[in-house]
> 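Got a structure here, written out as structure tokens. Questions coming.
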Amino acid sequence: MKFRYFLTAAAIFSAVPAAQAQDTNVEGRVVKLEKEMKAVQRKVFPDGAGKFFEPEIQPDGTKPATTGTPSSSAVSDLIGRVDALESQLATLTGQVETQSAGMKAMDERLKALEGQVKSFNAVPAATTASVAETDTKVAATPVKTASTPKANPAAAKTTTPAKPTAARTSAVAAIERPSTGDGFEDGYSYGYRLWEAKFYPEAQVQLQDTITKYPKHKRASYARNLLGRSWLDDGKPATAVKIFYDNYKNDPKGDRAPESLYFLGDALTDLGKAPEACEAFGQLASAYPSEASGRLASRLAEGRKKAKCK
């Protein structure tokens with residue numbers, strides 16, 4: 001009888017190291033899976049904002065006590081955590097694949113849109129004006145006289161713009177030019193004041209000069225976007241398209257990249273390119289969901305309505 005008790009006790013004590021080894025192995029799997037899931041979460045939700053899954057395994061003490069040996073209970077809990085983590089990891093991996101497919105489709109649309117933009121820039125100035133003549137703000141195109149047989153459209157480029165009147169020159173001079181010692185901010189602020197006063201050609205010159213001098217400034221995205229708006233408001237949507245597109249493409253993380261995508265769609269609509277405008281609006285919603293549903297929500301809805309996007 002004593003010998004049988006001895007064998008039973010020996011079997012119990014020999015099982016303890018095995019259970020402990022199993023605990024260690026499962027715990028290692030849990031730690032590995034938790035690290036992998038966090039890595040995937042950072043890829044799916046790079047901006048954070050609390051967009052993480054709630055834990056499916058409750059902390060110790062929230063579950064009713066279970067019967068059985070402590071080691072077997074710990075192993076069961078760890079196995080449960082592994083199952084939950086594996087399920088979450090599979091879900092996140094699927095989201096990564098979906099996001100990658102969306103980015104690929106967006107790149108294809110960007111290439112197509114870039115081709116459209118290049119075609120606009122290849123058009124001579126006189127033709128560009130005629131393309132946008134439906135816009136009520138576009139200036140009248142030069143009238144071809146009888147003494148100009150089969151005139152070359154490129155010749156319109158040499159047309160000298162009318163000199164500003166004395167009243168306009170005086171009005172522009174009355175706008176205060178900032179002088180804070182910050183070259184970029186002074187140039188941008190002055191350009192903004194000119195644009196706000198509807199002196200668009202003067203604003204274009206000022207903003208372009210500021211961008212040329214400070215191309216890498218942290219707020220250069222603001223200046224490029226406002227430069228595009230000055231051309232758009234001046235009735236030159238074809239020129240504005242190039243500026244807005246470049247601001248988004250070359251500086252997608254710039255503060256005004258989302259706005260440039262919106263105004264790109266607006267300019268394309270003015271050019272009669274509604275399908276391309278809808279593409280731009282779609283890219284805005286895909287690339288900047290927070291802005292599209294936030295500060296640009298009303299503008300985006302209005303732009304889609306104007307372009308008759310489906």
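Heavy atoms only: backbone and side chains are in, while hydrogens, waters and symmetry mates are out.
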> Indicate if Val241 and Ile211 have the same hydrophobic cluster label, given that clusters are the connected sets of ILVMFWY residues with side-chain heavy-atom separations under 4.5 angstrom.
no

> Does one hydrophobic cluster hold both Tyr214 and Ile243, with members joined at side-chain heavy-atom distances below 4.5 Å?
yes

> If you define the side chain from C-beta out and look only at heavy atoms, does anything of Thr269 sit under 4.5 Å from Lys273?
no

> What are the two closest non-hydrogen atoms of Ala240 and Ala267, and how far apart are they?
CB-CB, 4.5 Å

> How many angstroms lie between atom OH of Tyr200 and atom CG of Leu207, to the nearest 0.5 angstrom?
12.5 Å

> For the hydrophobic clusters of this structure (ILVMFWY residues joined by side-chain heavy atoms under 4.5 Å, transitively), does one cluster hold both Leu227 and Leu261?
no

> Measuring only between side-chain heavy atoms, which start at C-beta, is Ile175 closer than 4.5 Å to Phe199?
yes

> Would you check if there is a donor-acceptor pair between the side chains of Ser221 and Asp255 at a distance under 3.5 Å?
no

> Using side-chain heavy atoms (C-beta onward) and a distance below 4.5 Å, is Lys306 in contact with Asp266?
yes

> Consider only side-chain heavy atoms of I, L, V, M, F, W and Y, link residues closer than 4.5 Å, and tell whether Leu194 and Trp231 are in one cluster.
no

> Tell me whether Ser87 contacts the main-chain N or O of Asp83 through its side chain, where contact means a donor paired with an acceptor under 3.5 Å.
no

> Quick check: do Arg168 and Pro201 have side-chain heavy atoms less than 4.5 Å from each other?
yes

> With side chains defined as the heavy atoms from C-beta onward, is the minimum distance between Arg193 and Glu176 less than 4.5 Å?
yes

> For Ala292 and Ala285, which heavy atoms make the closest approach, and how far apart are they?
CB-CA, 3.7 Å

> Checking Asp234 side chain against Lys236 main chain: does a donor-acceptor pair fall under 3.5 Å?
no

> With rounding to the nearest 0.5 angstrom, report the CZ to SG distance, Phe281 to Cys278.
7.0 Å

> Applying the side chain to side chain donor-acceptor pair (under 3.5 Å) criterion to Ser260, which one of Asp246, Asn225, Asp251 satisfies it?
Asn225

> With a 4.5 Å limit on heavy-atom distance, are the side chains of Arg229 and Phe244 in contact?
yes

> Do the side chains of Asp233 and Lys198 get close enough for a salt bridge, i.e. N-O under 4.0 angstrom?
no

> Can you confirm whether Phe184 is buried at CZ, in the sense that more than 12 heavy atoms of other residues, nucleotides or ligands lie under 6.0 Å from that atom?
yes

> Report the C-alpha distance between Tyr222 and Leu226 in whole Å, list the side-chain angles of each, state the deciding distance to 0.1 Å, and finish with yes or no for side-chain contact (heavy atoms from CB on, under 4.5 Å).
CA-CA 6 Å; Tyr222 282 82; Leu226 187 58; over 6 Å; no

> If every non-hydrogen atom of Pro252 is compared with every non-hydrogen atom of Ala257, which pair is closest and at what distance?
O-CB, 3.5 Å

> Identify the two heavy atoms, one from Ala277 and one from Ala307, that lie closest to each other, and give their separation to 0.1 Å.
CB-CB, 4.2 Å

> If you define the side chain from C-beta out and look only at heavy atoms, does anything of Tyr288 sit under 4.5 Å from Tyr248?
yes

> Taking atom types as modelled, is there a side-chain donor on Arg224 or Asn247 under 3.5 Å from an acceptor on the other?
yes

> Distance check, rounded to the nearest 0.5 Å: Arg256 atom CZ versus Tyr262 atom OH?
14.0 Å

> Spell out, as yes or no, whether a donor-acceptor pair under 3.5 Å connects the side chain of Ser170 to the backbone of Ala166.
no

> Transitively linked via ILVMFWY side-chain contacts under 4.5 Å: Tyr245 with Leu300?
yes

> Taking the side chain as every heavy atom from C-beta outward, state whether Glu185 and Arg219 have any atom pair closer than 4.5 Å.
yes

> Nearest 0.5 Å, what's the CZ-CZ distance between Arg299 and Arg304?
15.5 Å

> Donor-acceptor check, side chain of Gln206 to backbone of Tyr188, threshold 3.5 angstrom: yes or no?
no

> Given 3.5 Å as the limit, does a donor-acceptor pair link the side chain of Gln204 with the main chain of Ser230, or not?
yes

